[in-house]
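Please read all numbers here as calculations on a predicted model, not as lab measurements. Hydrogens, waters and symmetry mates are skipped; everything else that's a heavy atom, side chains included, is used. Order of appearance sets the numbers: ligands from 1, and atoms from 1 within every ligand.
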Amino acid sequence: MAESLALTPQATKEERYKELLPQIKAVIEVEEDLVANLANISAMLKEAFDFFWVGFYINKEDELVLGPFQGPLACTRISFEKGVCGAVASQQRTIVVPDVNRFPGHIACSSASKSEIVVPLVVGGHTKMVLDVDSDLLDDFDETDAKYLEEVMDVVKSIHFPI
Ligand code: SME
């Protein structure tokens, strides 16, 4: 396994996602433990983009429970009825929130968080987990983040939840 990421300085966001994805795949396809892989994915996304907060909430008996992450202390449990994570888990679609203060029910784990993107991993109609990324800047996420973070979740799905 590679011990460090190969990242081109001054790459655009899309270029960086494109160089990161195969490296994420290479790291996780040789390890079968889900938590270990989610931990390394959080670390790789943090290193590549210096996100304020990036991590996973895992569905345990229809409640989202904090999983591996990088960033400040976070809420441990989120119901499917609460927050951006809950909305994504129940609606089973990616949600980009340009201004978290304008999202009804947003859960402020940190007052520094200003915008957010959450991507679900759905298997057989069942939400297994969500990937949550927070920024301390307003309007920091767009369709490029959605596209590539969904690809990250597709890689996790293909390795850990093969059909
Ligand atoms: N803001 C999220 C909660 C998780 S933290 O941001 C890490 C939400 O509204 O679901």
Side-chain angles (χ1 to χ4, degrees), residues 5 7 13-14 16-17 20-21 23-24 27-28 33-157 159-161:
L5 286 179
L7 299 171
K13 179 162 74 173
E14 182 154 31
R16 178 133 305 180
Y17 274 119
L20 186 63
L21 261 162
Q23 297 182 72
I24 289 179
V27 166
I28 76 169
D33 188 86
L34 177 63
V35 170
N37 282 337
L38 298 183
N40 265 336
I41 293 170
S42 304
M44 289 185 273
L45 288 170
K46 173 76 174 175
E47 184 176 335
F49 295 103
D50 198 24
F51 289 134
F52 175 73
W53 195 96
V54 49
F56 295 88
Y57 281 90
I58 299 167
N59 182 359
K60 296 191 175 168
E61 297 174 356
D62 292 332
E63 187 175 37
L64 297 169
V65 181
L66 183 63
F69 73 97
Q70 296 266 315
L73 185 68
C75 327
T76 52
R77 289 174 186 269
I78 299 175
S79 86
F80 272 42
E81 289 77 47
K82 294 259 172 66
V84 186
C85 291
V88 167
S90 51
Q91 294 171 30
Q92 302 188 325
R93 65 182 179 93
T94 297
I95 296 182
V96 176
V97 182
D99 180 352
V100 294
N101 289 318
R102 289 171 181 267
F103 188 93
H106 167 258
I107 300 165
C109 289
S110 165
S111 58
S113 181
K114 300 275 193 302
S115 60
E116 180 164 3
I117 180 170
V118 182
V119 179
L121 191 161
V122 180
V123 180
H126 187 69
T127 303
K128 294 284 185 188
M129 66 183 82
V130 301
L131 168 60
D132 181 12
V133 187
D134 290 9
S135 172
D136 54 2
L137 302 174
L138 280 170
D139 200 13
D140 208 17
F141 302 107
D142 57 21
E143 284 309 308
T144 300
D145 299 286
K147 176 179 176 200
Y148 289 100
L149 293 174
E150 285 173 3
E151 285 191 25
V152 170
M153 291 301 247
D154 283 344
V155 171
V156 175
K157 183 173 171 175
I159 289 171
H160 287 285
F161 305 96

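Counting only N and O atoms by type, the side chains of Ser79 and Glu63 include no donor and acceptor under 3.5 Å apart.
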Step-by-step side-chain hydrogen bond (donor to acceptor under 3.5 Å, both in side chains) determination, Ser135 to Glu116: CA-CA 6 Å; Ser135 172; Glu116 180 164 3; over 6 Å; no
Criterion side-chain hydrogen bond (donor to acceptor under 3.5 Å, both in side chains) on His106 and Asn101, from CA distance to verdict: CA-CA 7 Å; His106 167 258; Asn101 289 318; 5.3 Å; no
Pair Gln70-Ser42, side-chain hydrogen bond (donor to acceptor under 3.5 Å, both in side chains): steps then yes or no: CA-CA 6 Å; Gln70 296 266 315; Ser42 304; over 6 Å; no
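By the 30° and 60° cut-offs, the orientation of the rings of Phe49 relative to Tyr17 is tilted.
Between Lys13 and Asp145 a salt bridge is recorded (basic side-chain N to carboxylate O distance below 4.0 Å).
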Are there any N/O pairs under 3.5 Å between ligand 1 and the protein, and if so, what are their distances?
{"unit_1": "ligand 1", "atom_1": "1 (N)", "unit_2": "His106", "atom_2": "NE2", "d": "3.3"}
{"unit_1": "ligand 1", "atom_1": "1 (N)", "unit_2": "Ile107", "atom_2": "O", "d": "2.7"}
{"unit_1": "ligand 1", "atom_1": "1 (N)", "unit_2": "Glu116", "atom_2": "OE1", "d": "3.1"}
{"unit_1": "ligand 1", "atom_1": "1 (N)", "unit_2": "Glu116", "atom_2": "OE2", "d": "3.1"}
{"unit_1": "ligand 1", "atom_1": "6 (O)", "unit_2": "Asp132", "atom_2": "OD2", "d": "3.4"}
{"unit_1": "ligand 1", "atom_1": "6 (O)", "unit_2": "Asp134", "atom_2": "OD2", "d": "2.6"}
{"unit_1": "ligand 1", "atom_1": "9 (O)", "unit_2": "Val84", "atom_2": "N", "d": "3.0"}
{"unit_1": "ligand 1", "atom_1": "9 (O)", "unit_2": "Ile107", "atom_2": "N", "d": "2.9"}
{"unit_1": "ligand 1", "atom_1": "10 (O)", "unit_2": "Val84", "atom_2": "N", "d": "3.0"}
{"unit_1": "ligand 1", "atom_1": "10 (O)", "unit_2": "Cys85", "atom_2": "N", "d": "2.8"}

